[in-house]
Amino acid sequence: MLAKDLLRNDTDRVRELLATRGDDGSLLDRWLALDQERREILGEVEDQKRRRNEASKEIGRLKREGGDAESIMIEVGELKKKISTHETRLSELETELDSATLNLPNLPHESVPRGADENANRVERQVGEPTSFDFEPKAHWDLGPELGILDFERGARVAGARFTASFGAGARLERALISFMLDLHTTEHGYREVLPPFMVNAAAMTGTGQLPKFEEDAFKVSPHGYYLIPTAEVPVTNLHAGEILDEADLPIRYAAWTPCFRAEAGSYGKDVRGLIRQHQFNKVELVHLTSQDTSYEALEELTGNAERVLQVLELPYRTVTLSTGDMGFSAAKTYDLEVWLPGQNAYREISSCSNCEAFQARRANLRYRPTDGGKPCFLHTLNGSGLAIGRTVVAILENFQQADGSVEVPEVLRSFMGTDRITAEN
RNA sequence: GGAGGGGUGGCAGAGUGGUCGAAUGCACCGGUCUUGAAAACCGGCGAGCCUUCACGGGUUCCGCGGGUUCGAAUCCCGCCCCCUCCGCCA
């Protein structure tokens, strides 16, 4: 949600920035018209309420003193009708205004490259070199089943397409990665671990921006009205919704493991093989709640924390700044981490780290009181994957595969795995 | 799922139709006193929206949404959440 002041007073700039995201500005125009009408009617109705309140006090006084309140009561009766008419219109306007407001995306930060799609993304750095092999590397969708650790058919049998069952060392690798990442972030990067609900209500989904616009991307739990979380960002960012925090307690930094559930509507035919695009996957998520003037330093820090995971696992990757046209709805700036996948001979997204500035905070009513004692102001929220577990499994299988079809276990995972090699036997 | 109790400002907790955005205490901020601190005393101290250059003014908010009334924290209806007990259950 964008600030009203900004929409009203800096309309041209907002329009221009929305255009960089591919927005045609019609929603903005609608918002402006609704806002204008709302303010006119609000002025009138509040004036009438003031008169009503005065008259009610007068009635009370007259009755106490045994006087005649009849004529004033008639006046109030008339006022009530007018107020009621206006309020009906006001509530219509406010419903429409809310809808317009909730459907406007965030504005990009000035450092974000402008462009229509991923072709305008900017590569910031590349760490490590694409893994080289003296044999033809396999894709994980061949390696996994051959090792007996990934079973796409049986996953589909019990659920459907885009669900997978992991067995033996594959299941243990997921668990090892979760523990390894949480340990790294909590003991070395200063995060507080949190285990949030895996289902949330509509208010939480609205707070972080998944609703109302992207309802079809979510799994809704009928008939309860809950949603399966698409990312831990949703429950964790909303944890402090409605609170007014002390600036002294900021930044708040959470690390959370959760499964994530995505309907993947509109992605039919994409990434149909393997673990890349699933309806359910594990992820360790990092969330920062910061003051308004520290969020961009925090974004660098958060991104660095996620990169560290790849570095320690010795996986080659690059860091990319998403262009205005490629960013998500709530983000003002996003870095994607793309890991090298030999089986696909390409860099693929494994983490997405965003600063949402006050966009989500306005929706979820996340505020803090400045240390100088001023009025409460909105937090800045940031989130990033640290990392997506399923895709990390893919990256490890493909980058650490050996000529004999086994997979070496990265050094730092060996204590978690209890072995240094994944073979068909385990 | 059933029965009962409860949701009031940062916290605790009064308030059962008008003078209540709301006592009191704690916390917090400023001041007096003190070498300093504590204590004591004095004063201040919720949020949203509209309006104003500003000072200020108006309006709304006592879990949420409706209703009754000239007037609702207070009465009525629906919903949500929390607590206790019962049932079910990992």
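Chain letters run A, B, ... following the sequence lines, proteins first, then strands; residues in each count from 1.
Remark: M1(A) engages T101(A), L102(A), R362(A), R363(A) in a side chain to side chain contact (heavy atoms under 4.5 Å, CB included) (not counting sequence neighbours). E174(A) is linked by a salt bridge (Lys or Arg N to Asp or Glu O under 4.0 Å) to nothing, counting only residues two or more places apart in sequence or in another chain. A161(A) pairs by the side chain to side chain contact (heavy atoms under 4.5 Å, CB included) definition with nothing, not counting sequence neighbours. The side chain to side chain contact (heavy atoms under 4.5 Å, CB included) check on A306(A) picks up L337(A), S351(A), C353(A), L387(A), with sequence neighbours excluded. Taking the salt bridge (Lys or Arg N to Asp or Glu O under 4.0 Å) definition, one finds that R277(A) meets it with E264(A), D271(A), sequence neighbours left out. Under the rule for a side chain to side chain contact (heavy atoms under 4.5 Å, CB included), the partners of L62(A) that lie at least two apart in sequence or sit in another chain are E58(A), A69(A), I72(A).
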**Study point:** Sequence-aligned protein contact record of nucleotides 66-75 of chain B, with B where the base is within under 4.0 Å of a protein heavy atom and S where only the sugar-phosphate is
**Key:** ----BS----
Review point. Can you give one letter per nucleotide of nucleotides 48-57 of chain B, 5' to 3': B if a protein heavy atom sits under 4.0 Å from the base, S if only from the sugar-phosphate, - if neither?
Key: SSSS------
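Comparing rC45(B) with rA37(B), their C1' atoms sit 24 Å apart, to the nearest whole Å. As rounded to the nearest Å, rG57(B) and rC62(B) have P atoms that lie 23 Å from one another. For the P atom pair drawn from rU19(B) and rU59(B), the interatomic distance equals 13 Å after rounding to whole Å. When the C1' atom is used for both rG13(B) and rU24(B), the distance is 8 Å, rounded to whole Å. To the nearest whole angstrom, the two C1' atoms, one in rG71(B) and one in rC75(B), are 13 Å apart. Distance check on atom P: rU16(B) versus rC70(B) gives 23 Å, rounded to whole Å. Distance noted for atom P between rU32(B) and rC55(B): 27 Å (whole Å). Annotation: rA73(B) and rC61(B) have their C1' atoms spaced 11 Å apart (nearest Å).
There is a side-chain donor-acceptor pair under 3.5 Å between S406(A) and R421(A). Donor-acceptor pairing under 3.5 Å is recorded for the side chains of T231(A) and K283(A).
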Check your understanding: Can you give the dot-bracket line for RNA chain B, where a pair is Watson-Crick or G-U wobble with both atom distances under 3.5 Å, crossing pairs use [ ], and | marks a partner on another strand?
Key -> ((((((((.[[[..)..(.....]]].(((((.......))))).((((((....)))))).[[[[[..)....]]]]])))))))....
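For residues 406-415 of chain A, the salt bridge (charged side-chain N to carboxylate O under 4.0 Å, His left out) pairs, not counting sequence neighbours, are E408(A)-R414(A), E411(A)-R414(A). Screening residues 197-214 of chain A for side-chain hydrogen bond (donor to acceptor under 3.5 Å, both in side chains), with sequence neighbours left out, gives T208(A)-Q210(A).
Salt bridge absent: D35(A) and K4(A) never bring a charged side-chain N and a carboxylate O closer than 4.0 Å. The pair D29(A)-R15(A) counts as a salt bridge, with a side-chain nitrogen and a carboxylate oxygen less than 4.0 angstrom apart. The existence of a salt bridge linking K82(A) and E44(A) is excluded, since no basic side-chain nitrogen approaches an acidic carboxylate oxygen closer than 4.0 Å. Ionic pairing of R308(A) and E188(A) is present here: one or more N-O contacts between side-chain nitrogen and carboxylate oxygen are shorter than 4.0 angstrom.
Atoms CG (L90(A)) and P (rU59(B)) sit 15 Å apart, rounded to a whole Å. Atom pair I244(A):CD1 and rG10(B):P shows a separation of 6 Å (rounding to whole Å applied). If you take CD of Q48(A) and P of rU60(B), they are 12 Å apart, rounded to a whole angstrom. The CG-C1' distance, from D246(A) to rC45(B), rounds to 14 Å in whole Å. Atom CD in E87(A) sits about 13 Å away from atom P in rG65(B), given to the nearest Å. Taking atom CZ on R51(A) and atom C1' on rU59(B), their separation rounds to 14 Å, with Å as the unit. Summarising the geometry, the separation between CZ on F378(A) and C1' on rA47(B) is reported as 11 Å, rounded to the nearest angstrom. Taking atom CD of residue E94(A) and atom P of nucleotide rG65(B), one finds them 12 Å apart after rounding to whole Å.
For residues 96-106 of chain A, proximity to RNA chain B is found at no residue, defined as any non-hydrogen atom under 4.0 angstrom from a strand atom.
With respect to H140(A), the side-chain hydrogen bond (donor to acceptor under 3.5 Å, both in side chains) criterion is satisfied by exactly one of R391(A), E398(A), Q401(A): E398(A).
Residue D47(A) is classed as having no contact, given no heavy-atom separation below 4.0 Å to the nucleic acid.
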